[in-house]
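These figures come from a predicted structure and were not determined experimentally.
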Amino acid sequence: MRVLLLNVLIIGTALLSLGCTLEANISGHMLPSLLRPDGGDEVVDAPQISQKICANGPVFSQAQMPGGETILAGDFSRIGPCTSPFLKYNPATGAVVAVGPLDAAVGEAHVIVADGNGGYYVGGKFVAKNGNQSLLHIKADGTLSDWNPNIGYGSLEPTVMALKIQDDILYVGGEFSTAGSPAHARSSLAAFDLATGELASWAPPLTDDATNELFVNSIETTAGSVFIAGAFGAVGANAHVSEGIAKLNLSDNNADTAFVATGRTAFSGKLKLHNGTLLAVDGGAFVMLSSSTGAETVFMAGITTVPVWGGLADYELHGNELWVGGMFDSVNGHPTRNLVKFNFSGGTPVLDTSWATIYEPEGWVSIMKVTDSHILSFTNGVVGYWNKSNGTQYIPSVASPVGDAVYKAALTEGEDLLFVHTSKTLGIPETRYLAMYDAEGELLPWHPNPNDYVKSVVVHDSRIFVGGRFTDIGATPSGKDYLVEIDAAGEVTSWNADANDEITDMRGVQGSLLVAGEFTEIGSDDMGAAYLAKLSFADATGLPWTSQVDGRILGFDIDGTELIIGGGFSMVDGQAVDHLAKVDLSTGNLMGGTPTVNNWVNGVAIVNGKVYIYGQFTDVGGEARSRLAAFNLSDGSVTSWAPTIVVWAYRALRKVSDKLVVMAHFNTVEGVKYADGTLVLDPVTGAKTTDPRGIYSSTVWFED
């Protein structure tokens, strides 16, 4: 099997960010990437694999053309070489520079601070190139340092959400339980001596809040004290209760009992201290507290906004300027739309009535950032630019690289903004659901443009067959749906399968196309097959096939002449068989040897004589199994392999290099909380692994 080496140098390349063109110079970085295709059957191991190809959604299927081109199909809209999670952008000039190595980390970046020597500390939820978890140091020369703080969270993945440097100490907040080497207990809060890199002894304990949450997502420091915001119950060795925001002593591990925040939410964040006043975001609202007592100030109580259902959502301090964003038409009677300025040179901010936005920012300003001369407002992923001098809208010659669902934090250095974000495809042009790379690793201008996801792709004698949920496809819109043949120009051919519903899986077998899905009609000859069919590659007519299934098939896999199908059916060939069955691939006859399953099977993969399934079930062969299970192909006996996953929607299960790749919407796996993503499981132990794909569905990559 051929391995494609993708050497991509991005210099002066046109990048796109959610419809905005970005002419960027990300210079001096080579992006060697490898993509390993499976040809529709199997992926073979390849040596010396480094770097990644990234997509912003799951890649369900890969196939290789005879000339070495590789086709990727899935539920993505952007795919290409993974972009740097750390970027420096100048809104005045449009210059974009990658901060640190482009392959510094895989995962999400949440926070960045300058180290004072030209470098940066970056935190998030990632695995760094040097092995660090969730916290790394980029030196002034742009390389990663070998410092490893060893942030840990037991068997879970740690997250660093807050960083603050004070007096050569780096304070770290997030969701973790240990730090340092050897590991010391740290309850979501730790400190490191920057001179030595060693873990500091300061370790105030924190306990879970009433909802069993514990994390620190913002830190502010002052002489002798550290303020924290987040979700916690009691804080400090003296177990002081202060809601959502607390003050800790640096001289010991106790909380300052004089500071009591009340009425704050459990998810407070973004703390700043200015002239003795603590500014905070509290559950989407902007508040100001006494830094001594935690009481809310009269200033905030006296702020009135119109309309009353609007409010204040974010703020920025720039010297003695306090800028506040939200949704409003006026503040204290002063007309200004969604952005307002206060002078904060004294103890109480004073409304600047000489400044107002002349043009309205587009919607609620949820996040904002202020440079020496510009304001950047973020409203549902839309970036607005404003002149600080007069409030007029500024139209930069080059758009910002930030966009929807990628902005996490920024650090201003004069006019430069250092962004960290969660997108691995930031700036990659739109390519929906299907992409093709040539043998040299270049993305080809091949755009079939399906209007919904593609679940499977099969290449047969240089012909390309794609199946999925789309209802229109073709470089020239064809109106064809679910299953079509596409030529090298991206156009739909005359081959017409005439399926009437979604295709969930397919494979080229025994000289024909085996198709499964939710269809009840398929074939150019109206063969009448439902849910499972064999089609001729020549003319899409149906081939002899005895299997009759009464419900949808969501996935299958093949071992020799044995076909294992899974789905939401209850009958096969007139016999009661719920959700899982074995069929003779040559004849279509139902075979025995599958265990009972009490709910839908959404995916099937066969590895080394064992059949792995996942779906909505909780019982397999009389054994308790939470959405994942395995049984022996030879006799149907259920194995002890039993990872637990909470799934609420189906996607796919595939075998890649003798690992199990589960692409699903899910809540938790073995106690780890996820929103959506891809898991790679070891078929022997059931443990989550990092090979061959990453944690999230937005990454397709293979490790060294």
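I486 is listed as a side-chain neighbour of L434, based on a closest heavy-atom distance under 4.5 Å. Residues I473 and N451 have side chains not in contact (no heavy-atom distance under 4.5 Å, counting atoms from C-beta outward). Contact annotation: the side chain of F519 approaches that of I503 to within less than 4.5 Å [non-hydrogen atoms, C-beta and beyond]. Here the side chains of E518 and Y482 are not in contact, with every heavy-atom distance at 4.5 Å or above. Annotation: side chain of V515 is in contact with side chain of I522 (closest heavy-atom distance under 4.5 Å). Side-chain contact between I558 and V509: present, with at least one pair of heavy atoms (C-beta onward) separated by less than 4.5 Å. Between R469 and K455 the shortest side-chain heavy-atom distance does not fall below 4.5 Å. Residues N602 and Q616 form a side-chain contact, since some pair of their non-hydrogen atoms from C-beta on lies under 4.5 Å apart.
Counting only N and O atoms by type, the side chains of D550 and S570 include a donor and acceptor under 3.5 Å apart. With hydrogens and angles left out, the side-chain atoms of Q64 and Y437 include no donor and acceptor closer than 3.5 Å. For the residue pair T520/D501, the side-chain donor-acceptor check at 3.5 Å is not satisfied.
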Worked check of side-chain contact (heavy atoms from CB on, under 4.5 Å) between D559 and L633: CA-CA 9 Å; D559 186 89; L633 181 62; 3.6 Å; yes
Check against side-chain contact (heavy atoms from CB on, under 4.5 Å), I613 and R625: CA-CA 10 Å; I613 58 176; R625 293 292 184 267; over 6 Å; no
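Of all non-hydrogen atoms in Y531 and V549, the two that sit nearest each other are CD1-O, 3.1 Å. Across L535 and G542, no two heavy atoms sit closer than the pair CD2-CA, 4.2 Å. A pairwise comparison of heavy atoms in W600 and L554 identifies CE3-CD1, 3.9 Å as the closest pair. The nearest pair of heavy atoms linking P450 to F470 is CB-CB, 4.0 Å. Here the closest heavy-atom approach between residue D573 and residue G588 is recorded as OD2-O, 3.5 Å. Closest non-hydrogen pair, S456 versus D505, comes out as OG-OD1, 4.2 Å.
By the side-chain contact (heavy atoms from CB on, under 4.5 Å) test, D498 is found to be paired with N496, D526, residues two or more places apart in sequence or in another chain being considered. Every residue meeting the side-chain contact (heavy atoms from CB on, under 4.5 Å) condition with T143, not counting sequence neighbours, appears here in chain and number order: K139, D141. With sequence neighbours excluded, the residues satisfying side-chain contact (heavy atoms from CB on, under 4.5 Å) with N632 are K610, S634, D635, S637, T639. With sequence neighbours left out, W641 forms a ring pair (Phe, Tyr, Trp, His ring centres under 6.0 Å) with Y612. Q510 is linked by a side-chain contact (heavy atoms from CB on, under 4.5 Å) to K534, L585, S586, counting only residues two or more places apart in sequence or in another chain.
The salt bridge (Lys or Arg N to Asp or Glu O under 4.0 Å) contacts involving residues 478-493 comprise R463-E485, where partners must be two or more places apart or lie in separate chains.
The CD1 atom of I553 lies 4.0 Å from the CG atom of L532; values are rounded to the nearest 0.5 Å. How far CG of D557 is from CD of E562: 11.5 Å, rounded to the nearest 0.5 Å.
Between F465 and W495, the ring center distance clears the sub-6.0 Å criterion.
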